[in-house]
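Working notes for the structure below.
The chains referred to below are lettered A, B, ... by the order of the sequence lines, with proteins before strands, and numbering in each begins at 1.
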Number of protein chains: 2
Amino acid sequence: MAMSGSSASGRAGRPISPDTTAAILAAARSLVVVHGFAAVTTAMIAAEAGASKQALYRRWTTKADLVLEAFLAQAQAEVDDPAAAEAGDDRLLAFLRRTCAALSTSGPALRSLMAAAQEDDAFRRRFHERLILPRRAALRAVLAEERPAASTEALDLAVTALFGAIWYRLLLDEPLDDDLARRLTALVRAGM
Amino acid sequence: MAMSGSSASGRAGRPISPDTTAAILAAARSLVVVHGFAAVTTAMIAAEAGASKQALYRRWTTKADLVLEAFLAQAQAEVDDPAAAEAGDDRLLAFLRRTCAALSTSGPALRSLMAAAQEDDAFRRRFHERLILPRRAALRAVLAEERPAASTEALDLAVTALFGAIWYRLLLDEPLDDDLARRLTALVRAGM
DNA sequence: ATATTACGGAACCAATAGTACCGAAATAGG
DNA sequence: CCTATTTCGGTACTATTGGTTCCGTAATAT
């Protein structure tokens, strides 16, 4: 492949190829989208990427870790406020709608990652830090905008209820549609 | 063991021993509480119960299925309105408190079952039907009592937000304490 | 040049859910 | 009783797959 790089890492020896890294991530993403996390083996990912399994495990400690990274950038770009929305919009409703929409494609993968997090403490910490927390921060910012007086604790509880409901439905195979986003918005604003 | 039974099943041949069934369930429960779902193998359960693996698979299709049944009765008895609570109590708050309290012991097992449900459609359906739905019905009944005018749809959404928040925190290893129950109660009643 | 590291490829290991088969024991129906 | 049927505990087995190790080779830093 191309050499792409000009000797700038502190280490000696042949440097890690960014092309190989990208190929592995792309292979993981497409395979998992099609077959689901459990049905995709590390051997399949390596083959699809034209790489060796060793190339995978040199970069990530675990299959779950690799798939997490493969879906991170995508999820972030799709949900976190593209174009910052024009003023006057319902920012909260728009955020929840984008979240539900994004989960229609990456949802199955995220479900599997949440499942993997249940049996692996180290992975759960990374999952929490790299996927859960950034999403929470983004939603909290949206909420803070419309409730500037609310305490951090109150905002966090609302974030928990909103993402909690969405994850609950995702994990139980129930639809995540615009209507859910709308009703959750109303619930958290006005109560039952 | 005792023979316990007096020839009342339609089938010919030696009948399934309820004693063996009970021993397997008890073994599964105690082993999973101590070591966690993933660390307990079917061979360990069989050995602890003084049974064979075949005895397990004659009764349940899957390890997850067996563990689900092992925790069902317990979870139900602990949460669903023991003694129906005296009038004047805050029924909703009490229900959520019992839920959180029960999860301090059976929570780890339920997390693993939720994880297993993500990769096995047939098991997810049983999990949904036997654990999730009964809990939802119980909570909805409590809510309906204090909001007799509310639509079924509105009640269901509140149930989703409440259980969603609790599952979300359970799966992410965050504490489920009385304070959470109190704040969730307030949120769903009064809004953010 | 030389040491170092990544590369693809292939063989390998360990763990374990679930199955198959055994001879023995328990039951139903005749 | 007798016989077909089924469960019993026990043991061996299969199949799958994360993750590791080792190979000879290629790319890079000094």
Round to a whole Å and report the spacing from CG of B:Leu66 to C1' of C:dG18. 13 Å
Just jot down the side-chain contact (heavy atoms from CB on, under 4.5 Å) partners of A:Ala161, sequence neighbours excluded, or say none. B:Leu187
Residue set satisfying salt bridge (Lys or Arg N to Asp or Glu O under 4.0 Å) with B:Glu153, at least two apart, ordered chain then number -> none
Run the salt-bridge test on B:Arg189 and B:Glu146 with the 4.0 Å N-O cut-off and return the result as yes or no. yes
Can you list, in residue-number order, the parts of residues 120-129 of chain A that come under 4.0 Å of DNA chain D, counting heavy atoms only? none
Does A:Thr152 have any side-chain contact (heavy atoms from CB on, under 4.5 Å) partners at least two apart in sequence or in another chain, and if so, which? A:Asp156
The nucleotide from C:dC7, D:dC8, D:dG10 with an atom nearest the side chain of B:Ile16 is D:dC8
Set of side chain to side chain donor-acceptor pair (under 3.5 Å) partners for B:Thr62, sequence neighbours left out: none
Provide a list of protein-nucleic acid N or O atom pairs under 3.5 angstrom, restricted to nucleotides 14-18 of chain D.
| from | atom 1 | to | atom 2 | distance (Å) |
| --- | --- | --- | --- | --- |
| D:dG18 | OP2 | A:Thr42 | N | 3.3 |
| D:dG18 | OP2 | A:Thr42 | OG1 | 3.4 |

By salt bridge (Lys or Arg N to Asp or Glu O under 4.0 Å), which residues pair with B:Asp177, not counting sequence neighbours? none
Contacts of B:Ala138 that satisfy side-chain contact (heavy atoms from CB on, under 4.5 Å) - sequence neighbours left out: B:Asp80, B:Phe95
Send over the distance from A:Arg58 CZ to C:dT4 C1', rounded to a whole Å. 13 Å
Can you tell me the distance, in whole Å, between the CG atom of B:Leu56 and the P atom of C:dT16? 16 Å
Using whole Å, report how far CE of B:Met44 lies from P of C:dA15. 14 Å
Taking only residues at least two apart or on different chains, which pairs with a member in residues 36-55 of chain B satisfy side-chain hydrogen bond (donor to acceptor under 3.5 Å, both in side chains)? none
Quick one: salt bridge (Lys or Arg N to Asp or Glu O under 4.0 Å) partners of A:Glu145, sequence neighbours excluded? A:Arg91
Pairs under 3.5 Å (N/O, protein and nucleotides 22-26 of chain D):
| from | atom 1 | to | atom 2 | distance (Å) |
| --- | --- | --- | --- | --- |
| D:dA26 | N3 | A:Arg14 | NH1 | 3.3 |

For the residue pair A:Leu176 and A:Cys100, what are the closest heavy atoms and their distance? O-CB, 3.7 Å
Sequence-distant partners of A:Ala122, side-chain contact (heavy atoms from CB on, under 4.5 Å), two or more places apart: A:Asp120, A:Arg125, A:Arg126
